[in-house]
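Proteins get letters first, then strands, A, B, ... in listed order; numbering begins at 1 in each. What's counted below: heavy atoms across the whole structure, side chains too, no hydrogens, waters or symmetry copies.
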Amino acid sequence: MPELPEVETTRRGIAPHLEGRKIAGVTLRRPDLRWPIPPEIRRLLPGQRLLAVRRRAKYLLLDTEPGAALVHLGMSGVLRVLPGRTPPAAHDHVDIRLDSGRVLRFTDPRRFGCLLWQPAGETHELLAGLGPEPLSDAFDGDYLFELSRGRKAPVKTFLMDQAVVVGVGNIYAAESLFEAGIAPHRAAGSISRERYARLAAAVKRILGHAITRGGTTLRDFLSPDGLPGYFEQELRVYGREGEPCLVCGRKIRESRLGGRATAWCGGCQR
DNA sequence: CGTACCACCTGTCGGC
DNA sequence: TGCCGACAGGTGGTAC
């Protein structure tokens with residue numbers, strides 16, 4: 001499901017219900033999601049107080065004293081805080097019960113998500129190689145320009161590489177490239193410093209805006225309070241293949257890059 | 001190291 | 001109406 005704005009929206013939605021609460025118990029209805037759920041989740045979490053809910057890239061970290069539960073929502077995962085007596089439905093794989101009587105429930109039909117354990121003071125291997133946060137000062141046009149020299153991969157693929165910058169998935173990559181006026185198939189190494197400055201600014205603006213609007217509504221995503229996000233109606237190229245460009249009127253084109261559907265405007269993006 | 005491709009899994013949608 | 005294939009927001013692993 002989610003790109004960074006959806007994950008951040010989830011974090012903001014669940015954090016007030018979790019921080020400061022004690023974990024009353026953990027219910028695992030499946031032994032694994034994308035990977036086996038490690039024994040620490042069951043063995044160490046019960047009785048611990050939740051100290052903070054953080055986000056790194058598209059991972060959520062539920063901090064406790066001995067370590068953090070690491071959650072990735074994959075393509076179809078949802079985390080919600082529900083009344084404790086809510087009966088589980090299909091694909092409700094994990095419950096973390098709270099001393100408030102409520103329950104943090106992880107639902108994920110496709111099971112591309114994961115629930116892992118990161119001991120206090122350590123960095124999980126999956127987080128070790130990640131690039132900078134897109135909304136941080138470390139991410140800017142100069143960074144993209146320097147890192148991209150010699151790269152032949154399409155700029156869209158480059159931008160979606162989580163080792164380059166985290167949190168930019170298929171939707172927001174397409175939208176950012178449209179705003180920056182860059183054709184998605186252009187080789188990353190052939191793009192000028194000035195154009196990368198525009199691209200970095202577009203990524204920051206679009207992700208920041210999407211977060212303030214509560215993420216993009218897609219069929220698998222509801223924000224944690226059950227309300228849909230409101231960003232979908234503002235998408236300018238993603239999902240608009242064949243429709244007229246809102247700027248120049250040309251038909252939005254569709255191609256495939258790195259196996260992913262790619263929408264772009266041949267008039268506005270060069 | 002960089003790049004391309006496959007895999008994981010379920011639900012939904014369009015076409016016949 | 002029913003069936004079947006294609007596709008979906010992610011990303012680790014592998015093979016070149």
Side-chain angles (χ1 to χ4, degrees), chain A residues 1-10 29-37 55-60 70-79 89-93 106-116 124-131 134 144 146-177 184-190 203 206-207 210-211 213-223 228-235 237-242 254-263:
Chain A
M1 165 224 349
E3 300 194 23
L4 187 143
E6 287 75 19
V7 179
E8 178 62 22
T9 298
T10 296
R29 299 190 186 84
R30 275 196 75 93
D32 64 308
L33 296 166
R34 178 170 187 172
W35 293 291
I37 294 172
R55 180 189 59 74
R56 171 68 176 117
K58 297 173 189 169
Y59 292 90
L60 289 169
L70 200 60
V71 178
H72 196 292
L73 301 176
M75 293 264 264
S76 59
V78 178
L79 272 179
H91 312 304
D92 287 347
H93 304 308
F106 185 20
T107 308
D108 185 7
R110 290 174 76 178
R111 280 185 282 122
F112 285 179
C114 62
L115 172 57
L116 299 170
H124 196 283
E125 208 173 299
L126 292 175
L127 303 186
L130 294 174
L144 283 178
E146 303 295 347
L147 190 60
S148 63
R149 293 310 89 183
R151 298 284 196 107
K152 291 176 181 155
V155 60
K156 174 163 176 272
T157 306
F158 177 71
L159 188 62
M160 289 175 65
D161 182 345
Q162 302 296 297
V164 172
V165 59
V166 303
V168 184
N170 202 33
I171 296 177
Y172 295 111
E175 295 297 309
S176 300
L177 287 163
H185 48 74
R186 186 146 300 241
S190 73
V203 167
I206 288 175
L207 289 182
I211 289 170
R213 299 298 293 272
T216 301
T217 301
L218 289 160
R219 58 175 167 271
D220 291 334
F221 182 76
L222 292 177
S223 60
Y230 292 98
F231 192 61
E232 182 179 31
Q233 61 205 27
E234 300 178 36
L235 297 176
V237 286
Y238 182 89
R240 298 195 64 249
E241 300 83 355
E254 170 161 25
S255 45
R256 289 195 88 78
L257 289 176
R260 310 298 297 274
T262 300

Quiz item: Pick the nucleotide of DNA chain B nearest each of A:Arg30 and A:Thr157; which residue has the one closer to the 5' end?
Solution: A:Thr157
Under 4.0 angstrom between [X] side-chain N/O and [N] OP1 or OP2:
| X | N | value |
| --- | --- | --- |
| A:Arg260 | C:dG10 | yes |
| A:His91 | B:dT10 | no |
| A:Lys58 | C:dG10 | yes |
| A:Tyr238 | C:dG9 | yes |
| A:Arg256 | C:dA8 | yes |
| A:Arg34 | C:dT11 | no |

Exercise. Determine the minimum heavy-atom distance between A:Ala173 and A:Leu159, stating which atoms define it.
Key: CA-CD2, 4.1 Å
Practice problem: Taking all heavy atoms of A:Val7 and all of A:Pro2, pick out the closest pair and write down the distance. | Solution: CG2-CB, 3.8 Å
Whole Å only: how far is the [atom1] atom of [X] from the [atom2] atom of [N]?
| X | N | atom1 | atom2 | value |
| --- | --- | --- | --- | --- |
| A:Leu33 | B:dC9 | CG | C1' | 11 Å |
| A:Arg110 | C:dA8 | CZ | P | 10 Å |
| A:Gln162 | C:dG12 | CD | P | 8 Å |
| A:Lys156 | B:dA4 | NZ | C1' | 15 Å |
| A:Leu257 | B:dC5 | CG | P | 11 Å |
| A:His93 | B:dC8 | NE2 | C1' | 13 Å |
| A:His124 | C:dT11 | NE2 | C1' | 14 Å |
| A:Phe158 | B:dC1 | CZ | C1' | 14 Å |

Exercise. Pick the C1' atom in B:dT12 and in C:dT11, then give their distance to the nearest Å.
Key: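 To the nearest whole Å, 22 Å.
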Self-check item: Spacing of the C1' atoms in C:dG12 and B:dG11 (rounded, Å)
Solution: 23 Å
Quiz item: If only atom types and distance count, is the side chain of A:Gln162 paired as donor or acceptor with the main-chain N or O of A:Gly131 below 3.5 Å?
Solution: no
Quiz item: Is the backbone of A:Gly242 close enough, under 3.5 Å, to the side chain of A:Glu254 for a donor and an acceptor to pair up by distance?
Solution: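 Judged by distance alone, no pair lies under 3.5 Å.
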If you only use heavy atoms from C-beta on, which nucleotide in [options] is closest to the side chain of [X]?
| X | options | answer |
| --- | --- | --- |
| A:Lys152 | B:dT3, B:dC9, C:dG12 | B:dT3 |
| A:Phe112 | C:dA8, C:dG12, C:dG10 | C:dG10 |
| A:Asn170 | B:dT3, B:dC9, C:dG10 | C:dG10 |
| A:Pro109 | C:dG9, B:dA4, B:dG11 | B:dG11 |
| A:Glu3 | C:dG12, B:dT10, C:dG10 | C:dG10 |

Quiz item: Heavy atoms under 4.0 Å, any strand shown: does A:Gly169 hit a base, just sugar-phosphate, or nothing?
Solution: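 Sugar-phosphate: the residue A:Gly169, judged by heavy atoms under 4.0 Å, touches backbone atoms but no base.
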Self-check item: Check: A:Leu144 and A:Val164 side chains under 4.5 Å, non-hydrogen atoms
Solution: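 They are in side-chain contact.
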Self-check item: Heavy-atom donor-acceptor pair, A:Arg111 side-chain to B:dC9 base, under 3.5 Å
Solution: no
Self-check item: Assigned partner base of B:dC13, Watson-Crick or wobble definition, under 3.5 Å
Solution: C:dG5
Quiz item: Does A:Glu146 CD have over 12 foreign heavy atoms under 6.0 Å away?
Solution: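 More than 12 within 6.0 Å, yes.
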